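What follows is one structure encoded as structure tokens, with my remarks underneath.
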Amino acid sequence: MPEAAQKPLPFGYQFLAGAIAGVSEILVMYPLDVVKTRAQISTGASSSIMSTLKTMIKTEGPGSLYRGILPPILVEAPKRATKFAANEQYTAIYKKIFGFEKVTQSLSIMTGVSAGLTEAMLIAPFELVKVRMQDKANLGKYNGTADTIRKIVASEGALTLLNGLEATLWRQGVWNGVYFGLIFTVKDLLPKSKDSNQQRLTNFAAGTIGGMVATTFNTPFDVVKTRIQSYNGVGPKKYNWAVPGLVTVAKEEGIASLYRGFVPKVLRLGPGGGILLVVFETVSGFIRKNVLKE
């Protein structure tokens, strides 16, 4: 039976495991996020990942690969903790409400979407600050995270930090629903083993597959979210809401533009999803065995 059928860890331990998993993933995979954001903002010809990385290192220095990392680091711990903790809490709640006797794929999708929506409410302002800092057009404009927030609030108002919230809800809800739904399915299909190394491989495979497929479904919403959040109040505002934004991008730039930045995004969130799940399950297992003595 999949690990999801275990009794949930106490919330504090879920939070800790999710936080460690999230920070581990972002430290390894973050440069791909910078490349993805720049590709999504651009309306011109796309450059390859390696070409973008080489250009950034040459013209902006190696530190540019981690430009804007502080906002996601600050929110990464509560974000990932919320993702896993909320998923487990929603699992217990929905089991009770809807009478599920065990975890099923439909329950996994329901809890994943719910966890994603909860997560989105937390991360939207941090996403906006990160996008502004990653945007090549803003080089030299902002001097660190605090300065970015101060200048955005001063010139555009505090509510600007909530721009793109609706698109973020779509992005996170879709991604988490697909991710947790597929994790359940892949784990159920793969051979069961009590060997810890085999369990880690299973978790990595499930997380990677879940992350890649989920990215395929949610990338269009991510493109629109990035466009909405990159707008700095200068000129006409083209993007406001997710679905109209999808239509505008597809109409003006072609349907393929809804997948700008897909390759770096899927390369990050595929293996990144695997890293997330492996670290989360490893830390959770350590807590169960050595702290809770289960």
Side-chain angles (χ1 to χ4, degrees), residues 1-30 69-70 72-96 100-105 107-108 110-112 114-116 118-119 122-123 126 172 175-176 179-211 214 268-294:
M1 184 176 291
E3 285 92 335
Q6 288 182 307
K7 181 181 178 181
L9 290 172
F11 180 80
Y13 290 120
Q14 292 176 0
F15 192 94
L16 176 63
I20 293 172
V23 172
S24 299
E25 186 272 340
I26 198 173
L27 290 174
V28 175
M29 310 300 288
Y30 187 77
I69 194 174
L70 185 56
I73 281 289
L74 290 174
V75 77
E76 192 69 17
K79 169 187 172 181
R80 298 304 187 187
T82 298
K83 176 195 296 291
F84 287 102
N87 185 68
E88 291 203 13
Q89 293 299 322
Y90 282 124
T91 297
I93 292 170
Y94 291 162
K95 272 185 173 181
K96 184 176 181 180
F100 287 99
E101 294 184 359
K102 62 179 182 178
V103 177
T104 64
Q105 186 181 45
L107 176 59
S108 297
M110 288 169 57
T111 58
S114 299
T118 303
E119 179 185 43
L122 172 69
I123 69 172
F126 294 89
Q172 300 304 118
W175 197 89
N176 282 275
Y179 179 69
F180 284 108
L182 276 176
I183 283 175
F184 171 84
T185 300
V186 174
K187 281 186 175 183
D188 203 37
L189 290 173
L190 291 175
K192 308 299 183 294
S193 173
K194 293 184 178 180
D195 179 70
S196 59
N197 290 327
Q198 181 60 48
Q199 288 177 354
R200 277 191 286 270
L201 286 173
T202 297
N203 286 331
F204 186 79
T208 299
I209 293 170
R268 180 194 176 185
L269 294 179
I275 293 170
L276 269 176
L277 190 59
V278 168
V279 176
F280 179 78
E281 295 288 0
T282 299
V283 175
S284 295
F286 177 86
I287 291 172
R288 291 180 190 280
K289 182 178 179 180
N290 296 284
V291 180
L292 300 179
K293 308 293 185 181
E294 292 184 357

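What you are looking at is a predicted structure, and each value in this text was computed from that prediction instead of being measured.
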Short side-chain donor-acceptor distance under 3.5 Å, Asn203 and Arg200: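 There is no such pair between these side chains.
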
Ignoring hydrogens, what is the shortest heavy-atom contact between [X] and [Y]? Give both atom names and the distance.
X: Ile209; Y: Leu182; value: O-CD1, 4.2 Å
X: Ala206; Y: Val186; value: CA-CG1, 3.7 Å
X: Tyr94; Y: Ser114; value: OH-OG, 2.7 Å
X: Glu88; Y: Gln14; value: OE1-NE2, 3.2 Å
X: Ser193; Y: Gln198; value: CB-CG, 3.5 Å
X: Tyr30; Y: Ile69; value: OH-N, 3.3 Å

Distance (rounded to the nearest 0.5 Å) between [X] [atom1] and [Y] [atom2]:
X: Thr202; Y: Lys192; atom1: OG1; atom2: NZ; answer: 8.5 Å
X: Tyr179; Y: Gln172; atom1: OH; atom2: CD; answer: 12.5 Å
X: Ile73; Y: Ile26; atom1: CD1; atom2: CD1; answer: 4.5 Å
X: Lys293; Y: Arg288; atom1: NZ; atom2: CZ; answer: 15.0 Å
X: Tyr90; Y: Thr118; atom1: OH; atom2: OG1; answer: 3.0 Å
X: Ile275; Y: Met29; atom1: CD1; atom2: CE; answer: 5.5 Å

When you look at Lys187 and Leu277, which way does the side-chain contact (heavy atoms from CB on, under 4.5 Å) test go after all the steps? CA-CA 12 Å; Lys187 281 186 175 183; Leu277 190 59; 4.0 Å; yes

Option among Thr185, Asn87, Ile183, Val103 that satisfies the side-chain contact (heavy atoms from CB on, under 4.5 Å) test with Ser108: Val103

So, does Glu25 use its side chain to make a donor-acceptor pair with the main chain of Gly272 at under 3.5 Å? no

Is a side-chain donor or acceptor of Asn290 paired with a backbone partner of Phe286 at a separation under 3.5 angstrom? yes

Would the number of heavy atoms belonging to other residues, nucleotides or ligands and lying under 6.0 Å from CZ of Phe100 be above 12?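 Check passes, neighbour count above 12.
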
Less than 4.5 Å apart, any side-chain heavy atom of Leu201 and any of Leu190? no

